[in-house]
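Both ligands and their constituent atoms are indexed starting at 1 by order of listing.
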Amino acid sequence: MSEFRAFSAPGKALLAGGYLVLDPKYEALVVGLSARMHAVAYPYDSLQEPDSFEVRVRSKQFNNGEWLYRVSPETGFVPVSTSGSKNPFIEKVIANVFNYFKPNMEDYCSRNLFIIDIFSDDAYHSQEDSVTKVHGSRRLSFHSHRIEEVPKTGLGSSAGLVTVLTTALASFFEPKLTNNVEKYRNVIHNLSQVAHCQAQGKIGSGFDVAAAAYGSIRYRRFPPALISNLPDLGSAVYADELTHLVDEVAWNITIKSNHLPSGLVLWMGDIKSGSETVKLVQKVKKWYDSHTPESLEVYAELDHANSRFMEGLSKLDNLYESNNDYCAEVFESIEKNDSTCQKYSEITDVRDAVATIRRCFRKITEEAGADIEPPVQTKLLDDCQTLKGVLTCLIPGAGGFDAIAVIATQSVDLRAQTAGDERFSSVQWLDVSQANWGVGKEEDPETYLDK
Ligand SMILES: Nc1ncnc2c1ncn2[C@@H]1O[C@H](COP(=O)(O)OP(=O)(O)O)[C@@H](O)[C@H]1O
Ligand SMILES: C[C@@](O)(CCOP(=O)(O)OP(=O)(O)O)CC(=O)O
């Protein structure tokens, strides 16, 4: 592939299945978000030295946002940084894409320099200390700090980066990929899961990478051993083992396309407080292991409530598609958010399921000492629940202090409804909503190019 091409991958919000999704027994609901990570691949260029590849990844929105890595067949495509700065996510993507495609130097001797630009939409990061500039024909935020120093909003920037960079890098080796990402989606997903786990140094559930690859989905995880059993990068068998895992091994993963009800919109509130997911996961695991069989019962209740939540959303989606008089009554009731809501099981089923989920998470919060739904978030969610147009609201993902997710009717404007209301002073509503499609080609790559 020799012309400019661009790709993007969505962010994520885990709406049901936090913690349980770490166990393949349980299914989760993760929604793709309109905030996307973008990658622009430039035509091949050539290095003076014909015995290795150089991959240059530039993130111009961030200070020192450039990473140069050299790889060669002789060293098992182990990336060597030639720019001084390192980015583990970029490094592992390069390592795995090259080990999967195993290019030989003869085929690429005059096209062994790959240049890729990365862009991230505003919602992924705090906009403090940034300026908005027109780049190409896009308005982007440019930060005065390094990417590692810019506060995040937890929308899955690393999962989106790994997935979109895997896609862009693979497009240098597979010419047909650019115009048919769908055909290579599974390969992109598998390579991205491996790279993301290796870069993070841990094997999470992978829901975030799955959402970046496939969009809004119902998700059941892959067995961690698939990745932990891989040999060390650089070993003589790594490339073959990786290819076997990506192409031939059954991952036993569940990825079912899903979406929020058409008549409803997802609002994400950023609370500008941090949450340490790794520490929360450790505390919950310790609680789970030390409180059996009660903890198993809590998980079973959570799983049942998660399923009822997902089914309730599907029922509302079908109702909205029916577009009949009863549908109008139900959605008008959500708009009013008054006592009439009690008349409609389509509303009460979803709210009862979320109430059970929240109650179980508060129980774990108390018993495990893990702030999944701490009291300040309970108060905020209870206040959100009273707002016009709100169907339900919850703490996404691992929970904590940093975010809330609200599902509301299309016409509602939570910014206007909460402006000046002290109860919501800690909330910054992100300019993001649900977007159901995964990694894909962008039709207008020239819009990323600064003339
Ligand atoms: N636009 C970007 N350019 C380069 N690296 C990025 C970019 N966005 C995210 N990253 C990488 O991902 C890391 C953040 O990943 P992580 O801590 O998992 O946050 P998140 O929850 O947003 O995925 C950053 O420190 C950086 O290494
Ligand atoms: C606890 C989890 O099940 C979900 C964490 O969801 P978040 O969306 O909170 O994840 P981060 O963005 O990494 O903080 C861990 C997992 O599934 O890997």
Exercise for review: Report yes or no: is the cationic atom of Lys441 (NZ for Lys, CZ for Arg) under 6.0 Å from the centre of the six-membered ring of Phe7, at an angle within 45° of the ring normal?
Suggested key: no

Practice item. For ligand 1, indicate whether the residue Ser157 contacts it via side chain, backbone, both or neither (heavy-atom separation under 4.0 Å). Key: both

Check your understanding: Which atoms of ligand 2 sit under 4.0 Å from any heavy atom of Leu14?
Key -> 4 (C)

Exercise for review: Tell me which one of Pro88, Ser158, Ala159, Gly160 gets a heavy atom nearest to atom 18 (O) of ligand 1.
Suggested key: Ser158

Check your understanding: Does any N/O atom on Ser205 come nearer than 3.5 Å to any N/O atom on ligand 2?
Key -> yes

**Study point:** Contact (N/O only, under 3.5 Å) between Lys152 and ligand 1
**Key:** yes

Exercise for review: Answer yes or no: is there an ion pair linking Lys315 with Asp349, defined by an N-O contact shorter than 4.0 Å?
Suggested key: yes

Point to revise | Nearest-contact summary for atom 8 (O) of ligand 2 - protein heavy atom, Å | key: Lys12 NZ, 2.6 Å

Check your understanding: Taking the non-hydrogen atoms of Phe119, is any one of them nearer than 4.0 angstrom to ligand 1?
Key -> no

Check your understanding: Do any nitrogen or oxygen atoms of Ala398 come within less than 3.5 Å of a nitrogen or oxygen of ligand 2?
Key -> yes

Study note, to complete from the structure: Note: Leu20, heavy atoms under 4.0 Å from ligand 2, region reported as neither

Review point. Touching ligand 1 at all, Gln200? Heavy atoms, strictly under 4.0 Å?
Key: yes

Exercise for review: For ligand 2, indicate whether the residue Val281 contacts it via side chain, backbone, both or neither (heavy-atom separation under 4.0 Å).
Suggested key: side chain

Exercise for review: Would you check if there is a donor-acceptor pair between the side chains of Asn96 and Gln198 at a distance under 3.5 Å?
Suggested key: yes

Review point. Is His125 close to ligand 1, meaning an N/O of one under 3.5 Å from an N/O of the other?
Key: no

Practice item. Please step through ring pair (Phe, Tyr, Trp, His ring centres under 6.0 Å) for the pair His196 and Phe89, ending with a clear verdict. Key: CA-CA 6 Å; His196 196 245; Phe89 298 97; 5.6 Å; yes

Check your understanding: Does Trp67 reach ligand 1, in the sense of a heavy atom lying below 4.0 Å from it?
Key -> yes

Practice item. For Asp129 and Ser144, test the side chains for any donor-to-acceptor distance below 3.5 angstrom and give the result as yes or no. Key: no

Exercise for review: Indicate yes or no: does Glu276 engage Lys283 in a salt bridge with an N to O separation below 4.0 Å.
Suggested key: no

**Study point:** Atoms of ligand 2, numbered as shown, that sit under 4.0 Å from any heavy atom of Gly204
**Key:** 18 (O)

